[in-house]
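This is a predicted model, so every value here is computed, not measured. Ligands are counted one by one from 1 in listed order, and the atoms in each one are counted from 1 as well.
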Amino acid sequence: MTQLAIIGGTGLTQLNELNIIKRHKINTPYGSPSADFIVGELNQIEIIFLARHGNPHKVPPHKINYRANLWGLKQLGVDQIIAVAAVGGISPSMVPAHIAIPEQIIDYSYGRLHTFFEDNDYPVTHIDFTYPYSQKLRSQLINAATEIGLPITPFGTYGCTQGPRLETAAEIKRMENDGCDVVGMTGMPEAALAKELKIDYAAVSVVANWAAGKTEGEITMVDIEHNLEAGMANVTLLLKKFISLHHSSVN
Ligand code: HPA
């Protein structure tokens, strides 16, 4: 049986439709996770939910204990993660409230504890990260979006910045030249740590705003929250369809 976890980011601190069964407070050799792990049912299927920034939303992207979060999920038997995260849109099609299932990552973050393989207790280990996301999980999510007629972008490159400030216009121009379609602050090291733990991992990127320099005026938290409300409603529909297509019948 596959144990699915959903990690919710900004705009998805809790899954309102989750029928909560229990909460696990877990301590790990890497410290405390962002929040309790919530076990609940979505569409009658048991899943585990974790609020990446804590609940209430208070842990900034560079302070998230990614290792504790992933380690805790692994301890709970999780072997599949859908990671939902807000992003800025760089490519013209990445309009606010749009959803993408990226297939590549460029990591611009720094100074984060980003591996489980840093002490002498392990032989030197270099995981393969050619394809950072699970292709199978990505196609299942894309399939679910098609089934509900949700127009998503089934590819794209996610650029991960350090935050918590947003980028400069020049930084976004550089990222665009590098091939980034969306920009976020939490995709790494989360994806790499999942891969180190051999957990299938895919990202659902929800566009909260145009990235810096892509529109006139300032990017405000009010606009971000407004766009995320619309985007996250679609994420919930997508997750429910994904579960009914790829979990109910096989588990
Ligand atoms: N940049 C980085 N991360 C983000 C953004 C952005 O513009 N919007 C939401 N998360």
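No side-chain N or O of Glu196 forms a donor-acceptor pair with one of His114 less than 3.5 Å apart. For Thr2 and His247, the side-chain atoms include no donor-acceptor pair closer than 3.5 Å.
The aromatic rings of Phe116 and Tyr30 lie perpendicular to each other, with more than 60° between the two planes, well past the 30° mark.
For a heavy-atom separation below 4.0 Å, the residues in contact with ligand 1 are Ala86, Val87, Gly88, Leu166, Glu167, Val183, Gly184, Met185, Asn209.
No side-chain donor-acceptor contact under 3.5 Å links Ser32 to the backbone of Thr28. The backbone N or O of Glu118 lies less than 3.5 Å from no partner atom in the side chain of Thr115, so there is not a single donor-acceptor pair. Of the possible donor and acceptor atoms, none in the side chain of Tyr158 sits under 3.5 Å from a partner among the backbone N and O of Cys180.
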